[in-house]
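The chain is numbered in sequence order, starting from 1.
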Amino acid sequence: MFILLLILGVIAGIIAGFFGVGGGLLFSPILFFLFTALEVSSPVSWTIGSSLFCTFIAASSSSIQQRNHRNAHWKEGIIIGLLGSLGVYVGKSIVTSSFYTEDVFVSFFVILLIFVSILFYRRSKSNVTLQLKAKNPGLLKQFGAGGFGGLISSMAGVGGGVVLVPILNLWYRLSISKAISISSLAIVLISLSGWLQFAMLSGSPEGVTAFTLGYVDFGTSLPLVVGAFFGGFLGVKLNKKTAASRVQMGFSVLMIAVALSMIWNLL
């Protein structure tokens, strides 16, 4: 099991590094397939809690790199991240309700994947890059971005960057580099709040391994993160040898393939 998860982590890391995306979009499907295949009780909660832990580790590394490149916007990232914790709480309440079944989770995640694939497809067809220099968003806008990002994060097991970056760049008119920097730090706090909230839930059923806390299975999460860490370096090297438009188009195809595989898994 450990070796398999390590290999899957390496593959996820290569893909994430190649396409320049966070691991949450890949960790969640992998963990969902694993928990459902092993017929674990409450697979959705296990998937989201464990995926958020993986995302927290990956986002922490990304945020450190942003700081090393002197592109860190601590104040905005911390505020949006803390406000995102409120959205996480609302999302967690939805996930742990009887309404949020496996079918609902897959449907929600598929919609999210389609949204992301459309963004990347449109970007691959565009030669224009937005480099805006707007003022920092006010507290109300930060609450809107953080709250919505936290909600999506806790309902899908992702960091929330897939919605935070478009909101900050396209709606709030911040430069793409600043939007990514703020999002990277916010994701650290959002995913930290997420996995801690799922870890503190009582009455969780037995997980895949013995190393669990609440709905976070560290025994499955850590091998994925370790593998993804090393795979990411190879993915970045491959990315530099490929045209950006092909990378973005390829990611759109990948997201559609993942969406179809998740639907097939429930049939």
Practice item. Step by step, work out the side-chain contact (heavy atoms from CB on, under 4.5 Å) result for W46 and T212. Key: CA-CA 10 Å; W46 282 111; T212 63; 4.0 Å; yes
**Study point:** Pairwise distance CG(L112) to OG(S107) - rounded to 0.5 angstrom
**Key:** 12.5 Å
Exercise for review: Considering non-hydrogen atoms only, spot the tightest contact between A228 and F27 and give its length.
Suggested key: CB-CZ, 3.9 Å
Check your understanding: Is there a path of hydrophobic side-chain contacts, each under 4.5 Å between heavy atoms of I, L, V, M, F, W or Y residues, that connects F108 with L26?
Key -> yes
Practice item. Report yes if the side chains of L168 and I80 come closer than 4.5 Å at any heavy-atom pair, otherwise no. Key: yes
Revision key, fill the gap. All heavy atoms of T209 vs all of D217, minimum pair found to be OG1-OD1, 2.6 Å
Review point. Judged by atom type as modelled, is there a donor-acceptor pair below 3.5 Å linking the side chain of S153 to the main-chain atoms of G149?
Key: no
Practice item. Determine the interplanar angle of the F105 and Y100 rings, folded into 0 to 90°, and report it as parallel if under 30°, tilted if 30 to 60°, perpendicular if over 60°. Key: perpendicular
Check your understanding: Side-chain contact, heavy-atom cut-off 4.5 Å: I182 with L164?
Key -> no
Check your understanding: Do I79 and L139 touch side chain to side chain, with heavy atoms closer than 4.5 Å?
Key -> yes
Review point. Parallel, tilted or perpendicular: which fits the ring planes of F218 and W195, with parallel below 30° and perpendicular above 60°?
Key: perpendicular
Point to revise | Same cluster (ILVMFWY, side-chain, under 4.5 Å), I111 and I263 | key: no
Study note, to complete from the structure: In terms of heavy-atom contacts, G219 and L5 come closest through O-CD1, 4.1 Å
Review point. If only atom types and distance count, is the side chain of S261 paired as donor or acceptor with the main-chain N or O of V258 below 3.5 Å?
Key: yes
Check your understanding: Is there a donor-acceptor contact under 3.5 Å from the side chain of S28 to the main chain of L25?
Key -> no
Review point. In Å and rounded to the nearest 0.5 Å, what is the OG1 to CG distance from T47 to L31?
Key: 6.0 Å
Revision key, fill the gap. Separation between CG (L222) and CZ (F53), nearest 0.5 Å, reads 4.5 Å
**Study point:** Under 3.5 Å donor-acceptor, S45 side chain and S42 backbone
**Key:** no
Practice item. Could you tell me whether the side chain of S154 and the main chain of G150 form a donor-acceptor pair under 3.5 Å? Key: yes
Exercise for review: Enter the distance from M255:CE to I118:CD1 here, rounded to the nearest 0.5 Å.
Suggested key: 13.5 Å
Check your understanding: Can you name the residues that form a side chain to side chain contact (heavy atoms under 4.5 Å, CB included) with L38, not counting sequence neighbours?
Key -> M1, L34, V40, V208
Point to revise | Check: V88 and L52 side chains under 4.5 Å, non-hydrogen atoms | key: no
Check your understanding: Does S193 reach the main-chain N or O of I190 with its side chain, forming a donor-acceptor pair under 3.5 Å?
Key -> no
Review point. Which atom names give the shortest non-hydrogen contact between P43 and E102, and what distance separates them?
Key: CG-OE2, 3.3 Å
**Study point:** Side-chain heavy atoms of I48 within contact of Y215, under 4.5 Å
**Key:** no
Exercise for review: Kindly indicate whether the side chain of F198, heavy atoms from C-beta on, has any atom under 4.5 Å from the side chain of S204.
Suggested key: no
**Study point:** S117 side chain vs I256 backbone, donor-acceptor pair below 3.5 Å
**Key:** no
Exercise for review: Would you name the heavy atoms of F115 and V163 that are closest together and state the gap between them?
Suggested key: CE2-CG1, 4.4 Å
Exercise for review: State yes or no: do F230 and L224 share one hydrophobic cluster built from I, L, V, M, F, W and Y residues joined by side-chain heavy-atom distances below 4.5 Å, directly or via other members?
Suggested key: yes
Review point. Does a side-chain heavy-atom distance below 4.5 Å link F109 with L113?
Key: yes
Practice item. Using a 4.5 Å cut-off on heavy atoms from C-beta on, say whether the side chain of S50 contacts that of F35. Key: yes
Point to revise | Steps toward side-chain contact (heavy atoms from CB on, under 4.5 Å) verdict (V44, V104) | key: CA-CA 10 Å; V44 173; V104 175; over 6 Å; no
**Study point:** Distance, nearest 0.5 Å, that separates NZ of K141 from CD of E76
**Key:** 14.0 Å
Exercise for review: Flag yes if F99 and L201 sit in one hydrophobic cluster, no otherwise; membership is Ile, Leu, Val, Met, Phe, Trp, Tyr, and two members link when side-chain heavy atoms are under 4.5 Å apart.
Suggested key: yes
Check your understanding: When rounded to the nearest 0.5 angstrom, what distance separates CG in L196 from CZ in F56?
Key -> 7.5 Å
Check your understanding: Is I167 reachable from L83 through a run of hydrophobic residues whose side-chain heavy atoms are each under 4.5 Å from the next?
Key -> no
